[in-house]
Number of protein chains: 2
Amino acid sequence: MNKRVTIKDIAQQAGVSVGTVDRVIHERGRVSAEVKEKVLQVMQALDFEPNLIASTLAFNRAIQIGVLMPQLHSDPYWDLPLLGMRRAQQSVRHYGVGLVEQMFDLFSPQDFKRSARALIDQKPDALVFPPIFLKESLELLDHCAEVEVPTILVNTDVEHPQVMSYIGQDSYQSGVLAGKLLSMAMNGAGKVLLLNLDKETTNAKHLMDKEHGLRHFLAQKDENSFTVLRQDVEDFDNPERLDSLLKSLLQQYVDIQTVFVTNSRAYKLVEAIQGLSQAHLPILGFDLLPNNLHFLQMGKIDFLINQNASYQGYLAIKNLTDYFIFKKQMPRVQHLPLDIVVAENAAYYVQREQGN
Amino acid sequence: MNKRVTIKDIAQQAGVSVGTVDRVIHERGRVSAEVKEKVLQVMQALDFEPNLIASTLAFNRAIQIGVLMPQLHSDPYWDLPLLGMRRAQQSVRHYGVGLVEQMFDLFSPQDFKRSARALIDQKPDALVFPPIFLKESLELLDHCAEVEVPTILVNTDVEHPQVMSYIGQDSYQSGVLAGKLLSMAMNGAGKVLLLNLDKETTNAKHLMDKEHGLRHFLAQKDENSFTVLRQDVEDFDNPERLDSLLKSLLQQYVDIQTVFVTNSRAYKLVEAIQGLSQAHLPILGFDLLPNNLHFLQMGKIDFLINQNASYQGYLAIKNLTDYFIFKKQMPRVQHLPLDIVVAENAAYYVQREQGN
DNA sequence: TTTTCTTGTGTGTGCGCACACACAATTTAA
DNA sequence: TTAAATTGTGTGTGCGCACACACAAGAAAA
């Protein structure tokens with residue numbers, strides 16, 4: 001109930017003007033050592049907290065956040081973080097935070113490079129992007145360092161001094177979690193078919209980490225009973241190929257009991273093997289794409305691990321706002337929860353994706 | 001990049017003063033129909049959005065939110081929502097939102113009533129509480145209606161016109177989810193021991209809903225193979241009693257394969273049966289209490305369903321802030337996700353509880 | 001010694017909005 | 001018909017802070 005302490009109060013108590021207090025707060029110099037000391041002392045004594053509302057109003061500066069993301073609607077997974085960023089921007093627009101979006105072709109390093117240049121040329125105050133192409137991303141980070149643009153990475157981490165924060169999943173641990181869930185579905189023994197439905201150029205690190213996590217969990221659980229068969233499929237957009245491939249694998253390895261699709265493309269597998277009638281083959285995939293959710297509800301997919309892709313984008317923008325407007329620090333790494341989603345609890349997560 | 005539209009711009013375009021624009025915006029009256037029309041038209045045309053930062057600064061009013069919660073540290077579960085509220089208050093304190101906390105004895109309706117009175121006497125702008133005692137809660141809501149204090153319920157919903165919003169879990173669905181997880185742990189058949197570790201006076205509705213959810217799921221999954229044995233234990237603070245009870249139950253019903261503890265007190269069960277050495281008995285419980293987490297990591301508890309108790313509190317305060325400061329609407333019911341927590345993904349949720 | 005630069009401090013304006021107040025033009029009551 | 005109340009509109013101040021500017025006093029340079 002007691003009125004808030006303002007810089008005016010500080011000034012009065014310290015016997016100086018508000019201008020001097022302001023100089024102390026912002027360390028603008030031009031204050032004698034003794035006066036500065038006195039002011040700091042009074043601030044401490046009165047437990048002064050600057051009014052951030054007034055501060056942002058007076059500050060009156062627009063922050064432009066550069067966003068470099070894969071083309072919208074080119075891949076359903078990559079829509080999620082971008083939509084999350086836009087939602088976040090909406091919720092902080094009053095602080096003068098805006099997005100400068102620049103899209104690139106998900107499968108073209110050249111286009112990534114070109115888009116990056118175009119974005120930097122617009123001199124954003126910060127940059128957010130997923131380092132899908134390692135080499136080009138490192139170049140971009142070097143460039144950011146030159147022009148002093150702080151950067152947040154999403155989806156994949158990269159070690160680089162210019163990276164202020166990484167927001168994303170812990171791929172290794174998601175592999176471990178997959179191991180746990182799949183082993184539960186396997187009554188004690190069996191083979192896991194690990195499917196990498198991806199082009200070689202992208203995400204290699206990711207998928208490897210997941211594989212390691214899975215293998216580690218299964219080995220530690222029961223070294224002899226569980227085995228993993230890995231299969232990489234670059235031609236994942238071709239249902240016939242996928243279908244025949246899977247058929248032959250199941251024929252060849254009769255002990256395949258479950259399938260682990262290492263990214264968000266589990267639905268492609270389900271679509272491809274619709275015809276394949278046989279005993280239920282438990283499938284675990286990632287992310288709450290509409291297609292995945294559909295098959296989850298139908299019982300064709302058993303588990304989805306939600307990597308909170310849209311929340312990654314949301315947090316990136318939120319954190320940058322906190323950083324610029326509220327001068328808050330940011331953790332170097334922010335791992336988001338790995339939600340276990342089954343048909344019975346999917347609704348809440350879907351709702352959350354939309355909302356916040 | 002284009003400068004934001006202000007009321008000054010509107011005034012200029014409409015050929016009136018800012019005062020008039022202000023009157024139109026806040027519907028303070030005293031504006032002729034034609035001028036009002038004109039102003040609204042210009043606002044529409046220029047896509048005017050009031051600057052909420054400036055607005056809150058000028059509004060300059062403190063909001064006091066009354067919080068009626070069980071005594072801190074009387075039960076570990078109930079600490080969570082309160083701590084969530086305090087965290088939320090910290091993050092919105094700059095908007096002049098404060099909490100007025102009033103605690104009551106978790107097991108005393110009389111004390112609840114008394115505390116409620118004391119809180120209302122302080123004339124808060126809104127009220128948040130869990131309607132643990134139904135009769136007393138309805139009385140309180142009636143009282144709130146009289147003095148026009150909008151109210152948010154957490155943890156349990158109650159139908160009453162004065163309830164602006166309910167934030168909490170969907171108990172029935174959490175029972176369904178428990179059924180899913182337990183049936184996975186049971187290879188096709190077996191008995192679930194359902195343990196209600198609670199006093200009769202509290203939460204009855206809750207626990208019944210969970211039981212119904214569980215039974216419904218199991219029946220629909222396989223009517224004949226799964227059975228449920230329910231046991232209510234009011235004396236849950238007595239380990240010896242719990243221990244001997246469980247021993248005799250396991251002896252009597254040899255087909256008990258899993259245990260479903262319907263609230264956050266799974267750790268009490270584990271503590272009681274430490275000695276009981278037998279084949280692993282999968283246990284499912286609720287909520288991320290330190291003790292529960294400890295046993296989860298040790299493998300004594302297999303699943304925890306996280307009802308996001310602390311986030312419930314957080315959201316309650318956040319939503320009220322949005323309501324009072326930003327004039328946002330609130331959904332009547334907000335169900336939070338039911339997170340499936342196992343040893344392999346617990347860390348993230350624990351971290352989130354602390355953070356946001 | 002005079003001039004220029006540096007340092008320390010205070011004053012004033014504006015951010016965009018909310019709200020109180022002044023005051024003219026009506027309208028209604030006396 | 002005159003006084004009082006009502007309606008419509010504009011002006012001014014303040015919310016708490018950021019920042020530009022003014023200006024005095026002393027230090028350094030000429």
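The side chain of B/Phe59 sits closest to C/dA18 out of C/dA18, D/dC17, C/dC17.
For the OP1/OP2 pair of D/dC19 and a distance below 4.0 Å, the side-chain nitrogens and oxygens of A/Arg28 include at least one atom meeting the criterion. A close approach under 4.0 Å does not occur between any side-chain nitrogen or oxygen of A/Thr56 and OP1 or OP2 of C/dC15.
Note: B/His335 and B/Tyr166 have perpendicular aromatic rings, judged against thresholds of 30 and 60 degrees for the angle between ring planes.
Legend: residues meeting salt bridge (charged side-chain N to carboxylate O under 4.0 Å, His left out) with B/Asp79, ordered by chain and number and at least two apart, are absent.
A cation-pi contact links A/Lys327 to A/Phe59, judged by a cut-off of 6.0 Å to the six-membered ring centre and 45° from its axis.
Rounded to whole angstrom, the span from the CD1 atom of A/Ile25 across to the P atom of D/dG16 amounts to 14 Å. In this entry the distance linking CG of B/Leu57 with P of D/dA18 reads 12 Å, nearest Å. In this structure, B/Ile325 atom CD1 and C/dA18 atom C1' are separated by 13 Å, rounded to whole Å. When rounded to the nearest whole Å, the span between CE of A/Met43 and P of D/dC17 equals 11 Å. Taking atom CZ of A/Arg4 as the reference point, atom P of D/dG16 lies 9 Å away to the nearest angstrom. Atoms CD (A/Gln12) and C1' (D/dG16) sit 15 Å apart, rounded to a whole Å. We find that CD of A/Glu27 is positioned 17 Å from C1' of D/dC17, with the value rounded to whole Å. Rounded to whole Å, the distance from CD on A/Glu34 to P on C/dG8 is 10 Å.
Residue A/Tyr349 qualifies as enclosed at atom OH: its count of foreign heavy atoms under 6.0 Å is above 12.
Here A/Asp22 lies in heavy-atom contact (under 4.0 Å) with a base. Using a 4.0 Å heavy-atom criterion, one finds that B/Asn60 contacts the sugar-phosphate atoms exclusively.
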Tell me, for nucleotides 6-13 of chain D in 5' to 3' order, what letter each nucleotide earns: B for a base near a protein heavy atom under 4.0 Å, S for only sugar-phosphate near one, - for neither?
-BBBBB--
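Salt-bridge annotation for A/Asp125 and A/Arg61: present, with a side-chain N of the basic residue lying under 4.0 Å from a carboxylate O of the acidic one. Between A/Arg332 and A/Asp157 a salt bridge is recorded (basic side-chain N to carboxylate O distance below 4.0 Å).
In this structure, the ring of B/Phe324 has its center no less than 6.0 angstrom from the ring center of B/Tyr95.
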